Peer 1: 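I'd like to ask some things about the structure below.
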Amino acid sequence: MKRANVKSSFQPALPGSVIGVLGSGQLGRMFAIAARRMGYRVHTFSPETDTPTGQVADVEIKAPYDDLNAVRGFASAVDVVTFEFENVPAGAAEAAAERAPVRPSGSVLHTTQNRLREKTFLRDHGFPVTPFVAVNSLEDLRAGLIAFGYPSVLKTAGFGYDGKGQTKITGEDQAEAALAAAGKQETILESWVDFACELSVLGARGVDGSFAHWGVIQNEHHNHILDVSIAPANLPPEITRQAVVITQAVLEQLDVVGVLCVEFFLTASGELLINELAPRPHNSGHLTFDACVTSQFEQQLRAVCGLPLGSTELLRPAAMANLLGDLWKNGEPNWLAACAFPNVKLHLYGKLMPKPGRKMGHLTAMAGSADEAAALVRAAREAL
Ligand code: AMP
């Protein structure tokens, strides 16, 4: 077990300590709920107020991420800083690190907040990744398309999530327009993977190098946005083993302290390819909140505070369905109908403005099998 790279004078942050969260969305909210349950205090920092995290934190600070003095002030008031949003500028993580330990470190953020850096890191360390090439000009793009064929997908290297900044290219005549759509941003061309399914593994790594994972979760996306996740994934044991081995190695190579999600494509021939990394709790792990002894949020807290990691045991097969803003198109959804399913748990993030594609909440169902849980969670969402 490779110990994480922290000072030898390391002292755990015990209950009663203050945790600072950079970012203020639903991941921070569920982290704050787990932290407050264990007697910690939570401060959140983002450019907004009345945020999903701020509504349950002790202190909500509103300032731009590039206000480095505000970041330093925020970090001075807490014992440990973590983040729930990886697009925090690297300078903010560095400024925070002047005043408090930042876990995972700013270098993990730096690698994973840019697809090109992330994929280059993975390839250079021998991990299986979707074939890709950096695109700086139309010539690069044309050469990439000749190498990968059609379809291929052009993605902006930075600030991409939920399919944002992505253009699928199905013919040579679309190349110029796809590049123009990316504007002046750095881009990366990826070969299109005709996957059998999408999988994710959430791994957690403690300050002492200890590792925990929740097995493999199977994910279905709709319009590039996660729709339904189920656990455990129905896979041959050898694929599960490989996915977990890869995940542990990624956390070690990146020297992560905290939770990190590895998103995979499983090809028809049984090959695992990493699509991307998220250096934090992840949407596909929300079902751990209700279905596991230790949720991804509590584990993030344990890891960044230097506590022993908790058991990741899945208590019952489970499924999670996202609730997007589209559900509000005819007014407030019918919460009573969803609550009439006794094995379904409702989570809402306190967002005031439902918009199409915006993640407003989720449902988790537990049942005798993952397929039954998936059917149940879909039925409960239908009832809304
Ligand atoms: P991303 O933002 O890269 O995670 O992409 C969001 C979703 O788009 C993925 O979960 C896939 O469903 C799809 N996608 C992205 N890249 C590819 C690819 N190279 N091949 C096939 N599907 C992709």
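Note that the structure is a prediction, hence the values are computed from the model and not measured. Index from 1, following the sequence. Read the numbers this way: they start at 1 and go in the same order the structure lists the ligands and their atoms.
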Peer 1: Just which atoms of ligand 1 are under 4.0 Å from any heavy atom in Thr130?
Peer 2: 19 (N)
Peer 1: Please determine if Trp192 has a nitrogen or oxygen closer than 3.5 Å to a nitrogen or oxygen of ligand 1.
Peer 2: no
Peer 1: Using a strict threshold of under 4.0 Å (side-chain N to carboxylate O), is an ion pair present between Glu298 and Arg302?
Peer 2: yes
Peer 1: Number the atoms of ligand 1 from 1 as they appear, then name those within less than 4.0 Å of a heavy atom of Lys155, with their elements.
Peer 2: 3 (O), 15 (C), 16 (N)
Peer 1: Touching ligand 1 at all, Ser152? Heavy atoms, strictly under 4.0 Å?
Peer 2: no
Peer 1: Per the side-chain hydrogen bond (donor to acceptor under 3.5 Å, both in side chains) rule, which among Glu60, Arg29, Lys351 passes with Thr51?
Peer 2: Glu60
Peer 1: What I want to find out is whether Glu139 reaches Arg142 closely enough, with some N-O distance under 4.0 Å, to be called a salt bridge.
Peer 2: no
Peer 1: Fit a plane to each ring of His347 and His362, take the angle between them on a 0 to 90° scale, and name the class: parallel (under 30°), tilted (30 to 60°) or perpendicular (over 60°).
Peer 2: parallel
Peer 1: Using a strict threshold of under 4.0 Å (side-chain N to carboxylate O), is an ion pair present between Lys155 and Glu276?
Peer 2: no
Peer 1: Side chain, backbone, both or neither: which part of Asp194 has a heavy atom under 4.0 Å from ligand 1?
Peer 2: neither
Peer 1: With atom 8 (O) of ligand 1 as the reference point, say which of Lys168, His224, Glu276 has the nearest heavy atom.
Peer 2: His224
Peer 1: Which is closest to atom 11 (C) of ligand 1 in terms of heavy atoms, His221, Glu263, Glu198?
Peer 2: Glu198
Peer 1: Under a plain distance cut-off of 3.5 Å, with no hydrogens placed, do Asp371 and Ser369 share a side-chain donor-acceptor pair?
Peer 2: no
Peer 1: Does only the side chain of Val193 get under 4.0 Å from ligand 1, or the backbone, or both, or neither? Count heavy atoms.
Peer 2: both
